[in-house]
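Quick note: numbers below take in every heavy atom, side chains included, and nothing from hydrogens, waters or symmetry partners. All figures in this text were calculated on a predicted structure; none of them were measured in a lab.
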Amino acid sequence: MTADRASVIAGVGACKPARVIRNTDDPIASLETTDTWIRSRTGIVSRGWVADGESTGDLAVRAGRQALDQAGVTHVDLVMVATITPDHRLPATAPWVAAQLGLGTVPAFDIVAACAGFLYGLAAGEAWIRAERADRVLLIAAETMSTMVDVSDRGTAVLFADGAAAVVLRRGTADEAGAVLAVELGSDGEQKDLATVPAGGARRPDRAQAEPLWEHSLQLQGPQTFTQAVTRMTEVSRSVLRTVGWQSTHVKAFIGHQANQRILDKVADLVGIAPDSRLGNIRYTGNTSSASIPLVLAEAVQGGFVEPGVATVLTAFGGGAVWGAAAMTWPSLPPASSRIAAQIGFTQPQKEPS
């Protein structure tokens, strides 16, 4: 990264569904589990699920509009939507989102990298800016995971949730607050069975719709995923710290993918992140896959909970298997108005352990 050109976060936005499902509400309450069990195993108290007819693209448009408004821009050079729950198998969701936002015929595409989707998009966006292909990029991560899970499956229904968040990246310099300093990514296709939707793709198209619902729903190997997530997120976080020359004690804002509170605690402990530097919202938001990191980022920015310019690390692990980490400085953006906070169902990020 040269000092004269870097990607800087110029605006953030977030959108969470109005429908809130607590552990004591159906369909969660009808599963063979309890509120106490869910809290102790995951840290989740409630999660947002979309209403009937509400789509991933709808959430993405709301989050993207907030980010554009905060950045004060009406034009960008690239739009990306990170999602594993697109509105359609074809076409991609990003072009429609760009059109709804009034961005014209700007290049737009989807990114499919599961829970690491935002970090993959961040790497792509900052690369376009560094390569002088773009001056401004809109990156949105949006998911309606409730449409992918079998609500009778305790292993996934209690975890996954819906939401969207967005950032506007602009051309800037590496010494500015909000500059993206490094992004590191990885994958291991040998671990593809950790999280899968077996039917519905090219290998098992199921045109006759003969496969049961279970085969079209997200299947998660929980214990193995826990182990891989801790290992990979710890490794890549340490690596990105070495890349930028930071000690773990320099990091004052650490956001891990909001998959499970126990994973978050373990990774932060192994990386050496102080408890009061760990930000999260899993308690009331659940696991929103690719949207989880930018949702925490947006809520913390809009709540004014972190000082601009402080050392920040983001990290995620997702199905594929894919993972990544980013080192950046906290953006200098104004807190949200109470009106915007109410629209997104804002809650103060919970510092871990709670």
Colleague: Please round to the nearest 0.5 Å and tell me the distance separating atom CD1 of I44 and atom CD1 of I282.
Modeller: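 The CD1 atom of I282 is 4.5 Å from CD1 of I44, to the nearest 0.5 Å.
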
Colleague: Can you tell me how far the OH atom of Y120 sits from the CD1 atom of I111, to the nearest 0.5 Å?
Modeller: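 These two atoms lie 10.5 Å from each other.
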
Colleague: For T288 and G163, which heavy atoms make the closest approach, and how far apart are they?
Modeller: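 In terms of heavy atoms, the two residues are closest at CG2-N, 4.2 Å.
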
Colleague: What about V81 and V168, same hydrophobic cluster or not, with Ile/Leu/Val/Met/Phe/Trp/Tyr joined at side-chain heavy-atom distances under 4.5 Å?
Modeller: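 Yes, V81 and V168 fall within the same hydrophobic cluster.
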
Colleague: Is there a side-chain contact (heavy atoms from CB on, under 4.5 Å) between E143 and M148 once you walk through the steps?
Modeller: CA-CA 10 Å; E143 303 286 9; M148 184 183 279; over 6 Å; no

Colleague: Does any part of the side chain of I84, heavy atoms only, come nearer than 4.5 Å to the side chain of M145, both counted from C-beta?
Modeller: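 When only atoms from C-beta onward are counted, I84 and M145 do touch, with a gap below 4.5 Å.
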
Colleague: Got a salt bridge between D25 and R22, using NZ or NE/NH1/NH2 to carboxylate O under 4.0 Å?
Modeller: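 Between R22 and D25 there is a salt bridge, with a charged N closer than 4.0 Å to a carboxylate O.
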
Colleague: Could you walk me through whether L297 and W330 pass side-chain contact (heavy atoms from CB on, under 4.5 Å), step by step?
Modeller: CA-CA 9 Å; L297 175 67; W330 195 264; 3.5 Å; yes

Colleague: Verify side-chain contact (heavy atoms from CB on, under 4.5 Å) between L169 and L122, making sure each step is shown before the conclusion.
Modeller: CA-CA 9 Å; L169 298 171; L122 193 64; 4.0 Å; yes

Colleague: Can you tell me if R41 and N260 form a side-chain donor-acceptor pair at under 3.5 Å?
Modeller: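 Side-chain D/A pair, R41 to N260: absent.
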
Colleague: Quick check: do Q261 and T42 have side-chain heavy atoms less than 4.5 Å from each other?
Modeller: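 Side chain of Q261 against side chain of T42, heavy atoms only: no contact under 4.5 Å found.
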
Colleague: Please step through side-chain contact (heavy atoms from CB on, under 4.5 Å) for the pair T312 and T329, ending with a clear verdict.
Modeller: CA-CA 5 Å; T312 302; T329 53; 5.8 Å; no

Colleague: Quick check: closest heavy atoms across S290 and A142, and the distance to 0.1 Å?
Modeller: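 Closest heavy-atom pair between S290 and A142: OG-N, 4.0 Å.
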
Colleague: Inspect the contact between R171 and E132 and indicate whether a charged nitrogen and a carboxylate oxygen are less than 4.0 angstrom apart.
Modeller: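 Looking at E132 and R171, the cut-off is not met.
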
Colleague: Check the pair T24, D35 against side chain to side chain donor-acceptor pair (under 3.5 Å), reporting the backbone distance first and the verdict last.
Modeller: CA-CA 6 Å; T24 53; D35 176 52; over 6 Å; no

Colleague: Which heavy atom of G57 sits nearest a heavy atom of V97, and at what distance?
Modeller: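 That closest heavy-atom pairing would be O-CG2, 4.0 Å.
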
Colleague: Does a donor on one side chain sit under 3.5 Å from an acceptor on the other, for Q191 and Q224?
Modeller: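 Short answer, no.
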
Colleague: Do L68 and T74 make a side-chain contact, defined as non-hydrogen atoms from C-beta onward lying under 4.5 Å apart?
Modeller: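 A side-chain contact is absent here, since even the closest heavy-atom pair is not under 4.5 Å.
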
Colleague: Test salt bridge (charged side-chain N to carboxylate O under 4.0 Å, His left out) on R65 and D69 and set out the steps.
Modeller: CA-CA 6 Å; R65 184 170 289 119; D69 288 347; 5.8 Å; no

Colleague: When clusters are formed by joining ILVMFWY residues with side-chain heavy atoms under 4.5 Å apart, either directly or through shared neighbours, do L139 and L103 land in the same one?
Modeller: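 No: no chain of side-chain contacts under 4.5 Å links L139 to L103.
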
Colleague: Between CD of Q219 and OG1 of T196, what distance do you get to the nearest 0.5 Å?
Modeller: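 If we round to the nearest 0.5 Å, Q219:CD and T196:OG1 are 5.0 Å apart.
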
Colleague: Is T285 close to K16 at the side-chain level, that is, under 4.5 Å between some pair of heavy atoms?
Modeller: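 SC-SC contact between K16 and T285 confirmed.
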
Colleague: Please give me the minimum heavy-atom distance between T33 and R154, naming the atom from each residue.
Modeller: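 Nearest pair, atom of T33 first, then R154: CB-CD, 3.5 Å.
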
Colleague: Measure the acute angle between the ring planes of W128 and F109, then classify it against the limits of 30° and 60° as parallel, tilted or perpendicular.
Modeller: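 Correct class here is tilted.
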
Colleague: For the residue pair I293 and T315, what are the closest heavy atoms and their distance?
Modeller: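 Heavy-atom minimum between the residues: CD1-O, 3.2 Å.
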
Colleague: Check for a donor-acceptor pair, side chain of D87 on one end and backbone N or O of T56 on the other, with a separation under 3.5 Å.
Modeller: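 Side chain of D87 to backbone of T56, a donor-acceptor pair under 3.5 Å: yes, one is there.
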
Colleague: Please say yes or no: joined through hydrophobic side-chain contacts below 4.5 Å, possibly via intermediate residues, are L138 and I9 part of one cluster?
Modeller: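 No; I9 is not reachable from L138 via cluster members.
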
Colleague: Which pair of non-hydrogen atoms, one from M80 and one from G121, has the smallest distance, and what is that distance?
Modeller: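 Result for this residue pair: CE-O, 3.3 Å.
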
Colleague: Is the closest side-chain heavy-atom distance between L194 and F226 below 4.5 Å?
Modeller: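 No, side chains not in contact.
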
Colleague: Is any NZ, NE, NH1 or NH2 atom of the basic residue among E176 and R170 found under 4.0 Å from an Asp or Glu carboxylate oxygen of the other?
Modeller: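 Salt bridge present between E176 and R170.
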
Colleague: Return the CG to OG distance between L314 and S237, rounded to the nearest 0.5 Å.
Modeller: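 Answer for the CG-OG pair, L314 versus S237, is 9.0 Å.
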
Colleague: Are S46 and I21 close enough that some pair of their side-chain heavy atoms sits under 4.5 Å apart?
Modeller: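 Side chain of S46 against side chain of I21, heavy atoms only: no contact under 4.5 Å found.
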
Colleague: Is it true that R136 and D77 have a side-chain N and a carboxylate O under 4.0 angstrom from each other?
Modeller: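 Salt bridge flag = no for D77 with R136.
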
Colleague: Is the backbone of N281 close enough, under 3.5 Å, to the side chain of Q258 for a donor and an acceptor to pair up by distance?
Modeller: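 Yes; judged by distance alone, with no hydrogens or angles, the pair exists.
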
Colleague: Would R238 and E184 pass as an ion pair if we require N to O under 4.0 Å?
Modeller: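 E184 and R238: not salt-bridged.
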
Colleague: Hey, are the side chains of P27 and W49 touching, using non-hydrogen atoms and a 4.5 Å cut-off?
Modeller: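 Result yes, sub-4.5 Å side-chain heavy-atom pair found.
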
